[in-house]
Amino acid sequence: MGNYFYAELIKEKREKHLFLSVICAAIILFVYISDLDRISKQGGIVDLYFNNVLIHFFVTLIFVAMYAIVIIYDEFKNNTIEQLSVIPISQGEFVLAKFIFVVIFSIASMMMITALSTVLMAITGYVINLGDILVLVMLNVADGILLALVAFPIMLISMLCRSQILIAIVINAVYIFSFFMINSLPFGQDVTEKIAAYCHPLGNYALIHNWLIYKNISTEISMLLQPKQSFWLALIGIGVYVLISYQGIKAVLKNNRGR
Amino acid sequence: MNVLETVNLQKEYAGHIVINNVSMHVSQGEIYGLIGRNGAGKTTLMKMILGLTDITSGQVKLWGVELIQGNRKTYSRIGSHLDVQGFYPELSAYENLKVFSSIRGITKKKAVESALEKVGLLSEQNKKYKKFSLGMKKRLGLANAIVHEPEFLILDEPTNGLDPIGISEFREYLVKISKENSISIMLSSHMLTEVSLMADRIGILGQGKLIVEKTINEIRAINRKALKISVTNVEKASSMLESIWGINDYEVLSDTYIRVFDLNLDRVSFAQKLAENGVGILEISMEKDDLENYFKSLVQKSSV
């Protein structure tokens, strides 16, 4: 596994796709700065996070998806996938090494925003609370891992699209936006909420995220009531999607052959 | 022992037979030259052996074990270099090899440097792949094929793009590793003469069919330098060759032509003696050792 991780590290050192996380952080920071004057001087970094959590999540998701697409696309664009096939690679280790880099990307994007906004708040005279920062870092790590798990199907779709990056982007966009369309389904609100929470990886993510916040952050700050759906079912849901995607990617790599 | 054996290998694509019933053999420590014109199916055949393209029917056996598609464990014993290269353009030569050698799990120190040195790229190891010339890209592909010291090398037109000195050095290197380390090598080319300088066995592929599979000695025997003599009486001329000059190394080609392989034959006294015995010489010429013509004639025959 270490060999595969090292190989990814060598690639990343030159390809520098991780810099996408800087753009991601810059966009969210811009949103944070525009929102800063709405927070009182007694407010903290956690308030700023909760004020912008949706946009924070959405922008990071888009960039994580882009990163996952690009690191898979590169192997097909450069035709290195053929070299890797005849080495031959251990498909599982290859996928996991890429997944670890998606996790790193995801956590780095989240933490960079936390670090930059903390500095910004300190400069502009806000009270910095170490406990708040630690809570937020913990949330960042959890969110980063969860977002990377959401990216597993994205990696599978990209793998299936091979060097057709535009098709991969379109199908992945459909995958992401299908979550937001669930609410428009002609069922009762209760049913659509359940479908969203259990049947779509993004819904699984949102529910687990909400449970983590509910358990760790006071309701006054998060303004979040106890989620109605089960944490465990959401965890099983995302686990199933990850497992299917992981096996799917392995199968694609195993049977990677041209005409 | 056969390192590679294909049994009635066939590939059809879009209604066309691209590889037609190919049964070939590569033995341990042997250099096998796969010759064919562009589009003859050399690369496709190699890709089939490497599991990079689907097989319609037939078998590929590596070290006597039938290759099951999707099971690529045996490939760790093979080094390959196909015409289409896959390297990361932003990475240097060293980094590219490091990526692949890490994945191969190579722990030997200086393995990458050693492979780069063998192909003459050590001084360019820090140059990015995207800035490489075609020849340098070829060399890097070769370095990647040998970095893990494989038991069997599959090389698709490996000397394409190399300069004459590079070709000669590389040829020497292949012969050396094949003889010293008993490494089997299968390489493709469209130049029979070049391959004949290093191959032990040659397979000629034409329109997807394996037309000929012979050892280089068998091919050379067919293409030996000879005196081609046209006479009015072949029977008398051949008996005189044996009785007067003691030459048995000849072949009768037709009613008027004999091919004499003993080049020490004194042509003047031969002509005189024949004339004295009432045999006229119509033509006498030296046949060249022409492998390219042999290749051409075989390929042309196959396309008829």
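Just so we're on the same page: letters track the sequence lines, and every chain starts at 1.
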Task: A/Met138, CE atom: more than 12 neighbouring heavy atoms under 6.0 Å - done: yes
- [ ] May I ask you to check whether over 12 heavy atoms, not counting those of A/Phe30, lie within 6.0 Å of atom CZ?
- [x] no
TODO: Considering only heavy atoms and a distance below 4.5 Å, find which of A/Ala7, A/Gly2, A/Ala251 pairs most often with chain B.
DONE: A/Ala7
- [ ] Could you tell me which of A/Leu9, A/Asn3, A/Ile81 has the largest number of non-hydrogen atom pairs under 4.5 Å with chain B?
- [x] A/Asn3
- [ ] With side-chain contact (heavy atoms from CB on, under 4.5 Å) as the test, would you mind laying out the steps for A/Lys77 and B/Tyr88 before giving the verdict?
- [x] CA-CA 9 Å; A/Lys77 180 188 77 177; B/Tyr88 303 96; over 6 Å; no
Open item on the list: A side-chain contact here means heavy atoms from C-beta on lying under 4.5 Å apart; do B/Phe87 and A/Asn78 qualify?
Closed with: no
- [ ] Check B/Phe100 against A/Leu84 and note the closest heavy-atom contact, atom names and distance.
- [x] CE2-CD2, 3.8 Å
Task: Most contacts with chain A, counted as non-hydrogen pairs under 4.5 angstrom, among B/Glu95, B/Lys128, B/His81, B/His148 - done: B/Glu95
- [ ] Identify whether the distance between the nearest side-chain nitrogen and carboxylate oxygen of B/Glu90 and A/Lys16 falls below 4.0 Å.
- [x] no
Interatomic distance, [X] atom [atom1] to [Y] atom [atom2] [nearest 0.5 angstrom]:
| X | Y | atom1 | atom2 | value |
| --- | --- | --- | --- | --- |
| B/Leu82 | A/Glu82 | CG | CD | 7.0 Å |
| A/Arg14 | B/Leu91 | CZ | CG | 7.0 Å |
| B/Ser92 | A/Lys13 | OG | NZ | 7.5 Å |

Task: Per-residue contact mode, B/Asn96 against chain A (heavy atom under 4.5 angstrom) - done: neither
